[in-house]
Amino acid sequence: MAERLKNLLLAFLLLMMGVLLVLTFMLGIQGSHGGRRLLQSLEENDEFTSSGAACMVAYPEKMTFSGENGLFLAQDAQQYELLYQQAEPLWQEALGSAGSLQPLTENDYLVLLQPPVVLLQYHAAQPLYLLRAWGGSHNLGQDVEVIGLALTAREEQVILLATDRNGGRWKAETAASLADLESLCSDLPQSNSQFAGAHAVLQGDEVLTRQVGEYALMSCTAPELARRGELSETIQSLFGMNPYLTKVYPNADGSLVYVESHSTISLSPEGDFTYSGEGIPLEITAVGEIDRQAEICMQIYELLSHLWEQAGASGQLSLERVQFEGTRGTLCFDLHLNGRFVERSSGYWATATVEDGVITGVSAALRQLDETGSTPLLPLYHAAATLRQGKGSLRVRLLEQPDGLLQPQVCFVTEE
């Protein structure tokens, strides 16, 4: 009897092994809707899966700290990266715990900007619900677009200050650590900046450097995969395509076109990447409209960040514009590199469209940026003295030139 049970068990195990082998084979040849998660690679030992964790979708263009030594603006890549890493946990805590926004007068806002202060000013107005989602909040609250955020202290509590895209000022109480805020602002390098204060063109909290700065010149070339003319299996799988079933065609303009089922990817010799097809389903779990939009934005950002990494492209994408109309949305991204934003001569660095929770199109300018020299620029304080009319802000940005170089320039950025 025992021998018979042993034989039956052995037969059952052999049967299950055969079933698993068949299932593995079937999954291996399925196309874009074969049950793989959004960010799953087909390459061995190189698997991507959507982490589900909150990730930041926008980098601040100006990051300023105010302490006993005065105002300090992070100006080079090392300063920016170090200070950002130190400040990020506090920002997440503050954004995630912030209460509802209350309006402030301009004078009250400026009075609150007393040390200790951490001030972030963005490249473009950002939906506050996205920044709160990045902070881990489950109560995304008001649909306000903000161009600047600050943390300051009042009555032993950390206060969040916000500036909307129209210049309106707001405040909210938070549960962030006052000790952490004070620590961030206590050991700053020597002051290198000042507030614009009473200026005819600039807002009072515009941060102006007082010293001549040395800024990197950059070259802009195609990344290695574009020069090789080869799209990796990992990138194909990121966009729901099975590399073992993909057909590759050369185009008349020198581009390579990858086709699998109803999905198509094109890669030009310059590094221009486009995807179109039946779509890549996102794993949306949120119910409310704003919560769904936040989840969509963060998953698209994660996908594009993986594309950037796998392609060997330079910099980090940063959200420039997001627009939802019903179930259809468009996200546009600019590029942040070493504490600076890089402006293309036309278009965005990446764009994605989504409909009913499915990514239907992606375009990206994949580029390798390398430092080729440096150039000095006058302080922003001197540039501010030349402004006579208009309303805007002063920023140092890398501008694309006709010869492919990226030139640092002081830009007067006006409101839309």
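Bear in mind that the values here come from a model prediction, so they are computed numbers and not experimental data. The first residue of the sequence shown is numbered 1, and numbering continues consecutively from there.
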### Query
Just how far is it from atom OG of S346 to atom CD of E400, taken to the nearest 0.5 Å?
7.5 Å
### S393/E206 under side chain to side chain donor-acceptor pair (under 3.5 Å): CA gap, chis, key distance, verdict
CA-CA 7 Å; S393 59; E206 181 75 18; 4.5 Å; no
### Task
Could you tell me the separation between the CZ atom of R154 and the CG atom of L112, rounded to the nearest 0.5 Å?
6.0 Å
### Message
Hydrogens and angles aside, do R210 and S191 bring a side-chain donor and acceptor to less than 3.5 Å of each other?
### Response
yes
### Query
Do V410 and L378 come within less than 4.5 Å of each other through their side chains, counting heavy atoms only?
no
### Task
State, with a plain yes or no, whether a side-chain heavy atom of L380 is found less than 4.5 Å away from one of K62.
yes
### Task
Decide yes or no on side-chain contact (heavy atoms from CB on, under 4.5 Å) for T375 and Q407, but give the supporting numbers first.
CA-CA 9 Å; T375 185; Q407 175 80 37; 3.9 Å; yes
### Task
Under the side chain to side chain donor-acceptor pair (under 3.5 Å) rule, what do T360 and R328 come out as? Steps first, then yes or no, please.
CA-CA 10 Å; T360 56; R328 180 177 174 83; 4.6 Å; no
### Task
Using distance alone, with no hydrogens and no angle criterion, decide if E81 and Q85 have a side-chain donor and acceptor under 3.5 Å apart.
yes
### Message
Once rounded to the nearest 0.5 Å, what's the spacing between atom CG of N242 and atom OG of S237?
### Response
9.0 Å
### Task
Let me see the working for E325 and Q323 under side chain to side chain donor-acceptor pair (under 3.5 Å), right down to the final yes or no.
CA-CA 7 Å; E325 295 180 359; Q323 181 178 5; 2.9 Å; yes
### T105 and D108: side chain donor to acceptor below 3.5 Å
yes
### Message
Within the 3.5 Å criterion, strictly below it, is a donor on E278 or S263 matched to an acceptor on the partner's side chain?
### Response
no
### Query
Excluding sequence neighbours, so at least two apart, what forms ring-ring contact (aromatic ring centres under 6.0 Å, His included) with Y122?
none
## Note on the structure
Rounding to 0.5 Å, atoms CD1 (I284) and CD1 (I296) come to a distance of 4.5 Å
### Query
Side chains of L369 and L337: closer than 4.5 Å at any heavy-atom pair?
yes
### Side chain to side chain, L83 and F72, heavy atoms closer than 4.5 Å
yes
### Residues in ring-ring contact (aromatic ring centres under 6.0 Å, His included) contact with Y258, at least two apart in sequence or another chain
none
### Message
Checking S100 against Q102 for the side chain to side chain donor-acceptor pair (under 3.5 Å) test, could you report, in this order, the C-alpha distance in whole Å, the side-chain angles of both residues, the deciding distance, and whether it holds?
### Response
CA-CA 7 Å; S100 60; Q102 305 298 324; 3.2 Å; yes
### Task
Scan D164, N107, D205 and name whichever one has a side chain to side chain donor-acceptor pair (under 3.5 Å) with R169.
D205
### Task
Using a 4.5 Å cut-off on heavy atoms from C-beta on, say whether the side chain of T330 contacts that of R321.
yes
### Message
Side chains of Q293 and Y129 only: does a donor on one sit below 3.5 Å from an acceptor on the other?
### Response
yes
#### Entry: From CE (M218) to CG (N338), nearest 0.5 Å
6.0 Å
#### Entry: Sidechain N-carboxylate O distance under 4.0 Å for R367, E270
no
#### Entry: Side chains of I359 and I300 in contact at under 4.5 Å (non-hydrogen atoms)
yes
### Query
So, the side chain of S97 versus the backbone of E93: is there a donor-acceptor pair under 3.5 Å, distance only?
yes
### Message
Set out, in order, the CA-CA distance, both residues' side-chain angles and the distance that settles side-chain contact (heavy atoms from CB on, under 4.5 Å) for Q211 and Y381, then state yes or no.
### Response
CA-CA 8 Å; Q211 303 163 356; Y381 177 79; over 6 Å; no
### Message
Just verifying a value: how many Å separate L188 CG and S66 OG, rounded to the nearest 0.5 Å?
### Response
8.0 Å
### Query
Can D76 and R340 be counted as an ion pair, charged N to O under 4.0 angstrom?
no
### D272 side chain near L366 side chain, heavy-atom distance below 4.5 Å
no
### Message
When you compare the side chains of Q190 and N69, does any donor N or O come within less than 3.5 Å of an acceptor on the partner?
### Response
no
### Task
State, yes or no, whether a side-chain contact exists between V362 and L304 at a heavy-atom distance under 4.5 Å.
yes
### Salt-bridge present (K247, E260; N to O < 4.0 Å)
no
### Task
Kindly assign one of parallel, tilted or perpendicular to the pair F341 and H336, based on the angle between their ring planes and the thresholds 30° and 60°.
perpendicular
